[in-house]
Amino acid sequence: MDDKIEIKKAIQSYIDSWVERDVEKFKSLFHPEFIMVGPGKDGPEYYDIEKMIPRFSSADTDWSQYRAIVSFVDAAGDVASVIVEEFGFAGLMQPATSYFHLAKTKGKWLITAKSYHFH
């Protein structure tokens, strides 16, 4: 199957798992060496998967306004980049842009890194 289709499916599973609050599905999408960087109070904040899972599983917000659109997918060999435009993430009523990097690992596309910015 076309890698870009599989990459989009992986990112859509990420999006769906947030809304569905499916921790096991969520955890299955990440490479063990995953790292995320995003805005923090005093500069960028960095998260590994162990820090991200408690935030994911404890988030208790209204997701009814959440929308996400995959706006860019590029792949070369076993690596890929994806841009997702989001609105209403975790109940925040502001747009955000998320940048994902993935690697094909044992035949499966896994998220290796994410960075994001709220506009």
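Each residue takes its place number in the sequence, starting with 1. Quick caveat, the model's predicted, so the values are computed rather than measured.
- Closest approach of Ile7 and Ala80 over heavy atoms only: CD1-CB, 3.5 Å.
- Here the straight-line distance linking atom CD1 of Ile49 with atom CE of Met36 works out to 8.5 Å at 0.5 Å rounding.
- Annotation: the span from Tyr46 atom OH to Met52 atom CE amounts to 15.5 Å, rounded to 0.5 Å.
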Distance-only criterion, 3.5 Å: show the donor-acceptor pairs between side-chain atoms of residues 69-79 and protein atoms not counting sequence neighbours.
{"residue": "Ser71", "atom": "OG", "partner": "Ile83", "partner atom": "O", "Å": "3.4"}

### Message
One pair to check against ring-ring contact (aromatic ring centres under 6.0 Å, His included): Phe87 and Tyr66. What are the steps and the verdict?
### Response
CA-CA 6 Å; Phe87 179 80; Tyr66 180 64; 9.2 Å; no
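- Applying the side-chain hydrogen bond (donor to acceptor under 3.5 Å, both in side chains) criterion to Glu45, with sequence neighbours excluded, gives Tyr47.
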### Derivation and outcome, side-chain contact (heavy atoms from CB on, under 4.5 Å), residues Ile15 and Gln12
CA-CA 5 Å; Ile15 293 165; Gln12 189 61 52; 3.9 Å; yes
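- Phe118 is linked by a ring-ring contact (aromatic ring centres under 6.0 Å, His included) to Tyr116, counting only residues two or more places apart in sequence or in another chain.
- When every heavy atom of Ser13 is checked against every heavy atom of Lys25, the shortest pair comes out as O-CE, 3.8 Å.
- Applying the side-chain hydrogen bond (donor to acceptor under 3.5 Å, both in side chains) test to Ser98 and every residue at least two apart in sequence or in another chain returns Glu86.
- Once rounded to the nearest 0.5 Å, the distance linking CD1 of Ile111 with CD1 of Ile35 reads 13.5 Å.
- Two residues are said to be in side-chain contact when any heavy atoms from C-beta on lie closer than 4.5 Å; His119 and Gln94 fail this criterion.
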### Task
Please report the C-alpha distance between Lys114 and Phe34 in whole Å, then the side-chain angles of each, then the deciding distance to 0.1 Å, and finally whether the side-chain contact (heavy atoms from CB on, under 4.5 Å) criterion is met.
CA-CA 8 Å; Lys114 176 186 175 186; Phe34 168 81; 4.0 Å; yes
### Message
Would Glu6 and Asp2 count as a side-chain contact (heavy atoms from CB on, under 4.5 Å) here? Give the steps.
### Response
CA-CA 7 Å; Glu6 291 302 313; Asp2 181 38; over 6 Å; no
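- Listed here is the closest heavy atom pair of Phe26 and Ser17: CD1-OG, 3.2 Å.
- Between Val84 and Ile11 the shortest side-chain heavy-atom distance falls below 4.5 Å.
- Annotation: the span from Leu29 atom CG to Tyr14 atom OH amounts to 9.5 Å, rounded to 0.5 Å.
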### Task
Apply the test side-chain contact (heavy atoms from CB on, under 4.5 Å) to residues Thr112 and Leu102: give CA-CA distance (whole Å), side-chain angles for both, the deciding distance (0.1 Å), then the verdict.
CA-CA 5 Å; Thr112 59; Leu102 297 89; 5.6 Å; no
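- Hydrophobic clustering (side-chain heavy atoms under 4.5 Å, transitive across Ile, Leu, Val, Met, Phe, Trp, Tyr) groups Trp18 together with Ile53.
- Every residue two or more places apart in sequence or in another chain that forms a salt bridge (charged side-chain N to carboxylate O under 4.0 Å, His left out) with Lys27 is listed here: Glu24.
- Qualifying side-chain hydrogen bond (donor to acceptor under 3.5 Å, both in side chains) partners for Ser81, counting only residues two or more places apart in sequence or in other chains: His101.
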